[in-house]
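What follows is a short report on a single structure.
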There are 2 protein chains.
Amino acid sequence: MTTAAKTDKPAREQILDAATRLMHVSGYRGTSLDDVLKESGVGKGNFYYYFKSKEELGYAILDRIVQGFLERTLAPSFADPSHAPLEKIQRFFDSILESQRQRNCVGGCFMGNLASELSDVHEGFRRRLTDVFTRWREKFTEALTHAQADGTLTAACDPARLAHFLVASLEGAILMTKVTKEIQVMETCVGELKAHLALYATGAQS
Amino acid sequence: MTTAAKTDKPAREQILDAATRLMHVSGYRGTSLDDVLKESGVGKGNFYYYFKSKEELGYAILDRIVQGFLERTLAPSFADPSHAPLEKIQRFFDSILESQRQRNCVGGCFMGNLASELSDVHEGFRRRLTDVFTRWREKFTEALTHAQADGTLTAACDPARLAHFLVASLEGAILMTKVTKEIQVMETCVGELKAHLALYATGAQS
DNA sequence: GATTATGTACCGACCGGTTGGTACAGAGCT
DNA sequence: AGCTCTGTACCAACCGGTCGGTACATAATC
């Protein structure tokens, strides 16, 4: 029973967890090292043993978020081979809607927030963020191309362009939900996005 | 020829101009009072003569931005009675695209940036921002309702929902353009948005 | 009309607190 | 002993904000 009932995770993880939590709602600049230290219960010397700067901590967090997003959010929606590609995209929409509901419209999209905060003032973050959004978009493009191949999506549409639009619209929807604090905004946008997809879809579905 | 070739604007305007410029690219937290003071050439004592806090400066800037947006960006696109309502919306899309091009994809949307940065940590800003986005949306809703009335928009669509989606998508498009620094992203999204509108449009258009 | 007050506009020094970051001594394990 | 960790004291720079004071135009007083 030393001091507190702390989780026995290694300090590095503890820092990462705390910082992720804080930066998700307060942003990069809005979260101080001291905040992170207090939240994680880790000393300053220890922090600088694992990270050589706040910037590097930011990179580490972003990398982890990105990995989690790609592997635990994006991939699962597209993994199941028993669904049509367009349905996979719709399923992904729903998973994002659900995550916003669970978070009570707080925090928004970590990557989107960082993009808004740092794109114009920090090239390193900007490049990393561009990479994620590109990979995300590519996943969409891929699915849309498949849909074209199996005839559920009209050949008239450009998968790459449509993918760009879908990602952007989702980010915008998350942002507007974060401001208004009304989950219906997200629901509406997801619904409209599905309609947009249906615009290009042939009647071949279900 | 005293000291420098200064503009003769009142100090308050000078502060507002400088702060707006700085905060548009660096955000609210990323812009310090000293930065604003140096940029505007105004002394600190004078600053606190006009504004009682940095927060109040932020409010003043946002208010001015909002007013400018409503009067000089939104209203003009919808003023001309010689166009159909759907064309007015499309014209507004184009004006946003153009402004992003002029800014070289830097800065993004001032209101969107502030929304992302402060919505979860500052209720005052959140409320003001919700108000602007609502007014923006209402302008869209209004036009869409008119379009329904004159038969260019199908009765099947819900103007309020569609308006929500259009605003959100535009914000997302601006954000993605800011990250990627590629104006084509904005062009693509605007194009897709027009297609989305066309989805609900009857063939009555020109 | 000279003098005394008053209000506005302005400045830069300074304040306490916080920032990101460092130095370093020690603890615990192998 | 020698390595990996960890806590603490400390730093300069910077943060938003306060302070005392100045310059000057106008108004009130005699």
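Not measured: the values here are computed from a predicted model.
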(request) Look at the side chain of Tyr49(B) and decide which nucleotide, out of dG21(C), dT6(D), dA9(C), has an atom nearest to it. (result) dA9(C)

(message) So that I can tick it off, tell me whether Arg103(B) and Asp120(A) are bridged by a salt bridge, with the cut-off set at under 4.0 angstrom between side-chain N and carboxylate O.
(response) no

(message) Side chain of Leu33(A) only, heavy atoms from C-beta on: which candidate in dG20(C), dG17(D), dC11(C) is closest?
(response) dG20(C)

(request) Take atom CG of Asn46(A) and atom P of dG21(C), then tell me their distance rounded to the nearest Å. (result) 16 Å

(message) Whole angstroms only, please: what is the CZ-C1' distance between Arg29(B) and dC14(D)?
(response) 16 Å

(request) Compare side-chain N and O positions of Ser32(B) against OP1 and OP2 of dC14(D) and report whether any pair is under 4.0 Å apart. (result) no

(message) So, does Tyr50(B) get its side chain near the phosphate of dC10(C), meaning an N or O under 4.0 Å from OP1 or OP2?
(response) yes

(request) Check whether any side-chain heavy atom of Asp94(B) lies under 4.5 Å from a side-chain heavy atom of Glu98(B), and answer yes or no. (result) no

(message) For Asp35(A) and Arg12(B), find the nucleotide of DNA chain C closest to each by heavy atoms; which residue's nucleotide sits nearer the 5' end?
(response) Arg12(B)

(request) Please state how far atom CD in Glu56(B) lies from atom C1' in dG17(D), giving the value in whole angstrom units. (result) 14 Å

(message) Among dC15(D), dT22(C), dA9(C), which nucleotide has an atom closest to any side-chain atom of Asp34(B)?
(response) dC15(D)

(request) Give a yes/no answer on whether the side chain of Tyr48(A) brings an N or O atom under 4.0 Å of OP1 or OP2 in dT22(C). (result) no

(message) Measure CZ/Phe47(B) against C1'/dC15(D) and give the value in whole Å, please.
(response) 13 Å

(message) Are Pro85(B) and Asp150(B) packed together at the side-chain level, in the sense that at least one heavy-atom pair is separated by less than 4.5 angstrom?
(response) yes

(request) Would you mind reporting whether Thr188(B) and Asp158(A) have side-chain heavy atoms less than 4.5 Å apart? (result) no

(message) Heavy-atom nearest nucleotide on DNA chain D for Lys54(B) versus Ala11(A): which residue maps closer to 5'?
(response) Ala11(A)

(request) Rounded off to whole Å, could you give me the NZ-to-C1' distance for the Lys38(B) and dG12(C) pair? (result) 15 Å

(message) Counting distance alone, no hydrogens or angles: does the base of dG21(C) have a donor or acceptor under 3.5 Å from a partner atom on the side chain of Lys52(A)?
(response) no

(request) Measure from NZ on Lys44(B) to P on dT18(D) and round the result to the nearest Å. (result) 11 Å

(request) Find the distance Ile15(B):CD1 to dG16(D):P and express it as a whole number of Å. (result) 14 Å

(request) Find out whether the Lys NZ or Arg CZ of Lys54(B) is both under 6.0 angstrom from the six-membered ring centre of Tyr28(B) and within 45° of the ring's axis. (result) yes

